[in-house]
Structures are given as C-alpha cells and as structure tokens.
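Input: a single structure, listed below in structure tokens.
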Amino acid sequence: MKRVYNFSAGPSVLPEPVLKKAAEEMLCYNNSGMSVMEMSHRSKDYESIIFGAEKLLRELLGIPENYKVLFLQGGASSQFSMVPLNLIGKSGKADYVITGQWAKKAAEEAARYGTVNVVASSADKVFNYIPKLSADKFDKDAAYFHITSNNTIYGTRYTKLPETGDVPLVSDMSSCILSEVADISRFGLIYAGAQKNMGPAGVTIVIVREDLLGNALDITPTMFKYDIHAKNDSLYNTPPTYSIYMVGLVLKWLKDLGGIAAMQQINEKKAKLLYDYLDSSKMFSGTVEKQDRSVMNIPFVANSDALNAEFIAQATAAGFENLKGHRTVGGMRASIYNAMPIEGVSALVDFMKDFERKNG
Ligand SMILES: *Cc1c(COP(=O)(O)O)cnc(C)c1O
C-alpha cells in the first residue's frame, strides 16, 4: 500500500511513526490486555495517558503554572460559544478582528451573548491580508480581545500580536498551535481543535489563565463551563479518550524531533520552498499579501481556471491529494502542517515546475 502526500487543511496528515505506534498498540496497550479505545477513563493506564499528554504539552509550549490545560469535545466551533459564555460576563463586551470565515463565525456567536466590537476586518479583499490595528478602535472595557492567529482558509497569519494591555488576548490557534514558538503568557486563553496540527478530530485543547475562570454567564450549560472541566482535570465526563491518546503520541514525536523550535525551523524551510517557487513562477502565484503569509496554509492559483482544474487533476493522479482550494478563494491550497515532511513539499514543487514547463 502506498501512502500519498496529503495536503488536506483538516483533518490532516499525521506523522507516520505515530500511526505505526498506534497500530502496534491497537489491540493491547501497555499490558492492559485491551485497546485504549476500550479502556475506562478512570483507569490508572488512562490517567497516565491524559496526564502524560498534558505534561508534554506544558513542557513543549512552556505553559506557565497559572494556566489550566483542558481537553474538550465539540471542536473549535464550540469554543466560539464557550469563550463568550465564560468570559464576556465581566463587561458584556468583547473585541474581535475579522480575518476570515472562522473569525467571523466566532464573532457572530459572541454577539448572541454580548456586544461585539469589530476592531478591523479584511473582508474587503477576500481576507488576503491581516488588517492594521489601530489602538483607538480597541474597547478598554472589553472582557477580552479575540483573534484567529492563523487563517486556515485564506492563508494569512499574525506576525505581531496586538497590544491589548489589561484586556486578555484570546486566540483561535487551531491551524498553527505547535508550529512555532509562542509566548503563552501573552494570552488569556488559547484554543485549538486537534485535527490540524495535533492529532485526530475529536479533541479541542483550551489553555486558559486561571484568573479568568469562574465568571461564566448564568445560562452557561454545565458542560460548557471551563471551571467545571478545570476542577475535574478534563475528566468531568468521558473525554475523547482515543483522540487524547493520539495527541500524546504526536507530542512525544514532536519532543523527540527537538521540540517546537526545531519544528519551526523545518516549517519555515518548507514554506520557503513553496513561496520561493510561487514568486519565481510565471504560471502560479500566491494569493496573499507577502508580509502576512501563513507558514501552514498556502493558497495559490494558476493563470486560468482551466489550468487550476488541470493541475489539480494531474496532481491528484500523481499522489498529491487535497490540493483543491477553498471555494471562496478558488485555485489550490497546500496545507503543510508539522506532519508534512519536507520531502512532500519538495516533491510538490518539482511537480509544479514540471507542470509549468509542459503547459506554460
Ligand atoms: C478548522 C478550524 C476551525 C473549526 O474547527 P472544528 O473543530 O471543525 O470546529 C476553527 N478555527 C480554525 C482556525 C480552524 O482552522
């Protein structure tokens, strides 16, 4: 059986050693006589899996002591509600920057529970840039300030965080967590669905500063309260046990590789390979303003719709899968998360060069 180069935006490629390890342990985990999937979440074996994953995450990201790590269900999309339900109560207001469809959805959800101040938006150019933020648009009384660090669909990312003073910065890091060194202490809360850069779908990780807990709106369902999950070490009810186990394996893989700083260097090399070619090509070009280019998701187009379609067809036949761009952008998008090996990007660039030679 041949594995393809999978450029899917999510769920996405996982490190091959992780899949092999999971396969090895599928029938019997650590002499337990059962699969992790069959295990009580209250068992000693499982406790070591979930607490081990948290410990590794804390170590890799340098998460300070005064932050809680939560393993939740419901995807990043549930966080669009959980964030306002738990945090907006302080003043009833929150700041949002609209840099794509996910940010827009997050803001719309927050508007159900309070007043949303849209600080800036890049909707005017199909979100192909990060808008300049002027501090006089910030609300000093906002309960929090929400950004999407990396815009999965449009391929932009913040290279500099907004200075929000005492207003806690909240970020959706679904498609960039673990891809580059980050200073967690700059944030009040970070959330990320696992299926882009951390593991399979099913678990969403929340990293939240302790002093922000305990202010949930009265209407907040128990299962949507951060403090309930924090008090119960993410074991208030059955957590997504197997997904958390897989995240633990991915974190171990990342640590063995040298940690996030080492991963960041590899990621920058991968992105440079593709961007350098896009900038030199006469057929293909990137769709995003250069200074805001994502290192994880790279949208690009050929000179015509016909060439886009032909390229996707030929690339798929050659083992480069899921390169079709989002319908709102068209063209192609290569998602090159941590688990995409540099060989995959280099093979894609060679294939594109060849395609340009034959069809240019
Ligand atoms: C994929 C994604 C989401 C949605 O995640 P779900 O887990 O499907 O709810 C939200 N935000 C960003 C930045 C994403 O990439």
Side-chain angles (χ1 to χ4, degrees), residues 6-14 70-85 94 96-110 112 116 121-123 126-131 144-159 161 169-180 182 187 189-207 223-224 229 234 239-240 242-244 246-247 250 267 271 288 292-299 322 324-329 333-340:
N6 179 8
F7 293 92
S8 169
S12 40
V13 55
L14 285 164
L70 311 177
F71 296 94
L72 306 178
Q73 308 204 39
S77 299
S78 289
Q79 294 311 309
F80 299 165
S81 323
M82 276 182 91
V83 166
L85 281 167
Y96 277 75
V97 183
I98 312 297
T99 50
Q101 226 174 77
W102 297 122
K104 186 163 169 279
K105 284 190 172 165
E108 282 167 3
E109 207 58 32
R112 297 158 65 92
V116 165
S121 164
S122 49
V126 202
F127 302 114
N128 76 347
Y129 68 104
I130 299 286
Y144 62 91
F145 188 111
H146 183 282
I147 61 169
T148 311
S149 283
N150 181 76
N151 297 288
T152 324
I153 295 175
Y154 302 96
T156 61
R157 63 145 179 175
Y158 288 79
T159 49
L161 293 174
L169 189 58
V170 171
S171 180
D172 178 354
M173 287 202 189
S174 293
S175 53
C176 61
I177 193 162
L178 305 175
S179 69
E180 61 182 1
F187 298 89
L189 186 148
I190 290 166
Y191 62 93
Q195 72 272 21
K196 280 44 185 270
N197 225 359
M198 282 190 292
V203 61
T204 301
I205 287 175
V206 172
I207 302 167
M223 272 297 288
F224 267 37
H229 293 288
S234 303
Y242 198 77
S243 297
I244 294 169
M246 288 292 289
V247 167
V250 170
N267 285 335
V288 162
D292 300 324
R293 283 171 162 178
S294 168
V295 177
M296 295 280 101
N297 309 96
I298 305 187
N322 291 314
K324 195 169 169 18
H326 192 266
R327 65 193 145 70
T328 55
V329 183
R333 170 179 47 169
S335 295
I336 53 173
Y337 298 118
N338 287 357
M340 170 59 64

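In this chain, residues are counted from 1 in sequence order. Both counts, for ligands and for their atoms, begin at 1 and track the order of listing.
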TODO: Check Thr99, Thr328, Asn128 against Tyr154 for a side chain to side chain contact (heavy atoms under 4.5 Å, CB included) and give me the one that passes.
DONE: Thr328
Task: Side-chain ion pair, Lys104 and Glu108, N-O less than 4.0 Å - done: yes
Task: Among Asn150, Thr148, Ile130, side chain to side chain contact (heavy atoms under 4.5 Å, CB included) partner for Arg157 - done: Asn150
Open item on the list: Whether the side chain of Asn151 engages the backbone of Phe127 through a donor-acceptor N/O pair (distance < 3.5 Å, no angle test) should be reported.
Closed with: no
Report each N/O pair between ligand 1 and the protein that falls under 3.5 Å, naming both atoms.
from	atom 1	to	atom 2	distance (Å)
ligand 1	7 (O)	Ala76	N	3.1
ligand 1	7 (O)	Gln195	NE2	2.9
ligand 1	9 (O)	Ala76	N	3.3
ligand 1	9 (O)	Ser77	N	2.8
ligand 1	9 (O)	Ser77	OG	2.6
ligand 1	11 (N)	Asp172	OD2	2.6
ligand 1	15 (O)	Thr152	OG1	2.5
ligand 1	15 (O)	Lys196	NZ	2.6

Open item on the list: Which label fits Phe80 and Tyr191: parallel for a plane angle under 30°, tilted from 30 to 60°, or perpendicular past 60°?
Closed with: perpendicular
Open item on the list: Using the rule side chain to side chain contact (heavy atoms under 4.5 Å, CB included), only one of Ser179, Cys176, Ser12, Ser8 pairs with Tyr337; which is it?
Closed with: Ser12
